[in-house]
*Asks:* 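Structure provided below as structure tokens; questions to follow.
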Amino acid sequence: MESFEVILKPICLVILIVLCLHAMPSSCNFTSFVFGDSLVDAGNNDYIFTLSKADSPPYGIDFTPSGGQPTGRFTNGRTIADIVGQSLGAKSFPPPYLAPNTEAQAILRGINYASGASGIMDKTGFFFIGRIPLGEQVSNFEQNRIYMVNAMGENYTRKFLKKAIFSLTIGSNDVLNYIQPSIPFLRHDKVSPTTFLDFMISNLTLQLERLHEMGARKFIVVGVGPLGCIPFVRALKLLGSGQCSSAVNTLIQAYNHRLKELLSRLNQEMGPEAIFVFANSYDVFMNIIANYHQYGLENANDPCCGGYFPPFVCFKSSDANTSALCDDRSKYVFWDAYHPTEAANLIIAKQLVDGDESVSFPINIRKLYNYNNS
């Protein structure tokens, strides 16, 4: 029986993909390959030795599929990638690459390669020990692609990948590492901001080109958000409630400007078959912070979970009479010192899916999903 299933499974997958590509494309599941950091990690860091983990309560407390148990997501519920997928018809979430037996899911749902503490550059996040940099994430996709080719051939693999969404949400940790004070015994003279941005853009370009060579055609690349306003950076810079670090945000805006220019160039060089969407998370998040009451939120400064000061740990209190959590998670912008709540993620995802060119350029994510690049 087991050997029969081994033979039958790839055949069923091939039949499914053929139907999706030709007979009934509108009824097929949304397929997404997710790359990035802790903003979209779905549990990969649970499988490596790292100080960057979200595998204990109260992380995941509002994640319905797990019954409120931690899944490795660095928030109380769904990530932006989760919500975007559901908005476009996904019935389930791409599993983490490092979870057991996920190869076949690459064809059915896609795969999540994201890793907390990771960055565009390989050395980013080394203080956390284990993490999977973007280049390694792309190499992991390459391994999944080999499985796809073995299951349904090169031709169908390329047709399938043309319709899938490839999202990259990364760069925040590169910036955070750059702005933090150097540790004396590990001191390295920092490069200039311009050189630093050059490194980020050149490394990201390399990985986008690798994915394109392997058949990716629909890209969402999310800009870095206003890290100067997150609780961790406000504490690092000794800023009061409601204040943001203008120096940090200016650096991020310069990066996002360079990123948008890069994606526009790639659209000119590789379009119209390939399309690269710039997701302007910076302006969306700044708008939430500035106008949080309009979105039904009550606190845009403090983390719902964990402290405002080092070590910024979010944990479940052992004392039943006290809690490390805020009273109402749905009213907070920040879940912990670094990450948004599900409530904030819902607002961001909705705007990225259906927003205008000021949010997603040159088209929004829903239009990207429906984009005919055949």
*Asks:* For Ala254 and Leu197, which heavy atoms make the closest approach, and how far apart are they?
*Replies:* CB-CD1, 3.7 Å
*Asks:* Got a salt bridge between Arg78 and Asp62, using NZ or NE/NH1/NH2 to carboxylate O under 4.0 Å?
*Replies:* no
*Asks:* With a 4.5 Å limit on heavy-atom distance, are the side chains of Leu98 and Ile48 in contact?
*Replies:* yes
*Asks:* Does Phe49 form a ring pair (Phe, Tyr, Trp, His ring centres under 6.0 Å) with Phe128? I'd like the steps, not just the answer.
*Replies:* CA-CA 9 Å; Phe49 180 77; Phe128 290 95; over 10 Å; no
*Asks:* Has Lys260 got its NZ or CZ under 6.0 Å from the middle of the six-membered ring of Phe361, at an angle within 45 degrees of the ring axis?
*Replies:* yes
*Asks:* Does Lys162 reach the main-chain N or O of Asn373 with its side chain, forming a donor-acceptor pair under 3.5 Å?
*Replies:* yes
*Asks:* If you count heavy atoms of other groups shown closer than 6.0 angstrom to CG of Asp327, is the number above 12?
*Replies:* no
*Asks:* Go through the steps for Tyr97 and Asn144 under the test side-chain contact (heavy atoms from CB on, under 4.5 Å), then give the verdict.
*Replies:* CA-CA 9 Å; Tyr97 171 79; Asn144 282 144; 3.3 Å; yes
*Asks:* Flag yes if Val34 and Met148 sit in one hydrophobic cluster, no otherwise; membership is Ile, Leu, Val, Met, Phe, Trp, Tyr, and two members link when side-chain heavy atoms are under 4.5 Å apart.
*Replies:* no
*Asks:* Any chance you could measure Phe63, atom CZ, to Thr75, atom OG1, to the nearest 0.5 Å?
*Replies:* 10.5 Å
*Asks:* Can you name the one residue among Arg158, Arg217, Lys163 that meets salt bridge (Lys or Arg N to Asp or Glu O under 4.0 Å) with Glu273?
*Replies:* Arg217
*Asks:* Where the side chain of Lys190 meets the backbone of Tyr178, is there a donor-acceptor pair that is under 3.5 Å apart?
*Replies:* yes
*Asks:* When you measure from the side chain of Asn112 to the backbone of Val40, do you find a donor-acceptor pair of N or O atoms at a distance under 3.5 Å?
*Replies:* yes
*Asks:* Are the side chain of Asp174 and the backbone N or O of Gly119 linked by a donor-acceptor pair below 3.5 Å?
*Replies:* no
*Asks:* Could you check whether atom NZ of Lys350 has more than 12 heavy atoms from other residues, nucleotides or ligands sitting under 6.0 Å from it?
*Replies:* no
*Asks:* Is Glu261 salt-bridged to Arg265, going by a charged N under 4.0 Å from an acidic O?
*Replies:* no
*Asks:* Please test Asn287 against Asp283 for side-chain contact (heavy atoms from CB on, under 4.5 Å), starting from the C-alpha separation and ending with a verdict.
*Replies:* CA-CA 6 Å; Asn287 182 259; Asp283 285 351; over 6 Å; no
*Asks:* With side chains defined as the heavy atoms from C-beta onward, is the minimum distance between Ser38 and Asn45 less than 4.5 Å?
*Replies:* no
*Asks:* What are the two closest non-hydrogen atoms of Gly355 and Val359, and how far apart are they?
*Replies:* CA-CB, 4.5 Å
*Asks:* Has Thr50 got a side-chain atom pairing as donor or acceptor with Gly130's backbone, closer than 3.5 angstrom?
*Replies:* yes
*Asks:* Please determine if Glu142 and Arg210 form a salt bridge, counting it only when a charged side-chain N lies under 4.0 Å from a carboxylate O.
*Replies:* yes
*Asks:* Against Arg73, only a single residue in Thr79, Asp82, Asp55, Asp41 fulfils side-chain hydrogen bond (donor to acceptor under 3.5 Å, both in side chains); can you say which?
*Replies:* Asp82
*Asks:* Nearest 0.5 Å, please: how far is CZ in Phe276 from CG in Leu259?
*Replies:* 11.5 Å
*Asks:* Any side-chain heavy-atom pair from Val222 and Ser167 closer than 4.5 angstrom?
*Replies:* no
*Asks:* Return yes when atom CG of Asn370 has more than 12 non-hydrogen atoms of other residues, nucleotides or ligands closer than 6.0 Å, and no otherwise.
*Replies:* yes
*Asks:* For the residue pair Ile230 and Val233, establish whether any side-chain heavy-atom pair is separated by less than 4.5 Å.
*Replies:* yes
*Asks:* Have Ser192 and Thr195 got a donor and an acceptor in their side chains that come within less than 3.5 Å?
*Replies:* yes
*Asks:* Do Pro96 and Tyr113 have side chains that get closer than 4.5 Å, going by heavy atoms?
*Replies:* no
*Asks:* Are a donor atom and an acceptor atom from the side chains of Thr124 and Asn173 found within less than 3.5 Å of each other?
*Replies:* no
*Asks:* Quick one: does Ser360's side chain have a donor or acceptor within less than 3.5 Å of a partner on Glu357's backbone?
*Replies:* no
*Asks:* Over 60° means perpendicular and under 30° means parallel, so classify the ring planes of Trp335 and Tyr59, tilted if in between.
*Replies:* perpendicular
*Asks:* Do the side chain of Thr341 and the main chain of Tyr332 share a donor and acceptor less than 3.5 angstrom apart?
*Replies:* yes
*Asks:* Ignoring hydrogens and angles, tell me if any N or O in the side chain of Gln243 forms a donor-acceptor pair with the backbone of Leu239 under 3.5 Å.
*Replies:* no
*Asks:* Counting distance only, does the side-chain N/O of Asn267 pair as donor-acceptor with the main-chain N or O of Leu263 below 3.5 Å?
*Replies:* yes
*Asks:* Say whether, by atom type as modelled, one donor and one acceptor occur between the side chain of Asn256 and the main chain of Val224 under 3.5 angstrom.
*Replies:* yes
*Asks:* Is the shortest side-chain N to carboxylate O distance from Glu136 to Arg131 below 4.0 Å?
*Replies:* no
*Asks:* Name the one of Phe285, Tyr292, Phe232, Phe74 that satisfies ring-ring contact (aromatic ring centres under 6.0 Å, His included) with Phe334?
*Replies:* Phe285
*Asks:* As an exercise, state the distance from OG of Ser87 to CG of Asp354, rounded to the nearest 0.5 Å.
*Replies:* 7.5 Å
*Asks:* Just verifying a value: how many Å separate Lys331 NZ and Tyr295 OH, rounded to the nearest 0.5 Å?
*Replies:* 15.0 Å
*Asks:* Looking only at non-hydrogen atoms, find the nearest pair between Ala42 and Pro94 and report the distance.
*Replies:* CB-O, 4.4 Å
*Asks:* Would Cys305 and Cys326 count as a disulfide (SG to SG under 2.5 Å) here? Give the steps.
*Replies:* CA-CA 6 Å; Cys305 182; Cys326 60; over 6 Å; no
*Asks:* Hey, mind stepping through Lys159 and Glu154 against salt bridge (charged side-chain N to carboxylate O under 4.0 Å, His left out) and telling me if it holds?
*Replies:* CA-CA 9 Å; Lys159 288 183 179 179; Glu154 178 69 29; over 6 Å; no
*Asks:* Please assess Asp356 against Asn364 for the test side-chain contact (heavy atoms from CB on, under 4.5 Å), listing each intermediate value before the final yes or no.
*Replies:* CA-CA 7 Å; Asp356 59 23; Asn364 62 37; over 6 Å; no
*Asks:* Could you check if a side-chain atom of Ile252 sits within less than 4.5 angstrom of a side-chain atom of Thr250, using non-hydrogen atoms only?
*Replies:* no
*Asks:* Does a side-chain heavy-atom distance below 4.5 Å link Asn301 with Val333?
*Replies:* no
*Asks:* Could you check whether the rings of Phe33 and Phe141 sit parallel, tilted or perpendicular, using 30° and 60° as the cut-offs?
*Replies:* perpendicular
*Asks:* For Gln137 and Asn44: C-alpha separation, side-chain torsions, deciding distance, then whether side-chain contact (heavy atoms from CB on, under 4.5 Å) applies.
*Replies:* CA-CA 11 Å; Gln137 293 180 32; Asn44 281 302; over 6 Å; no
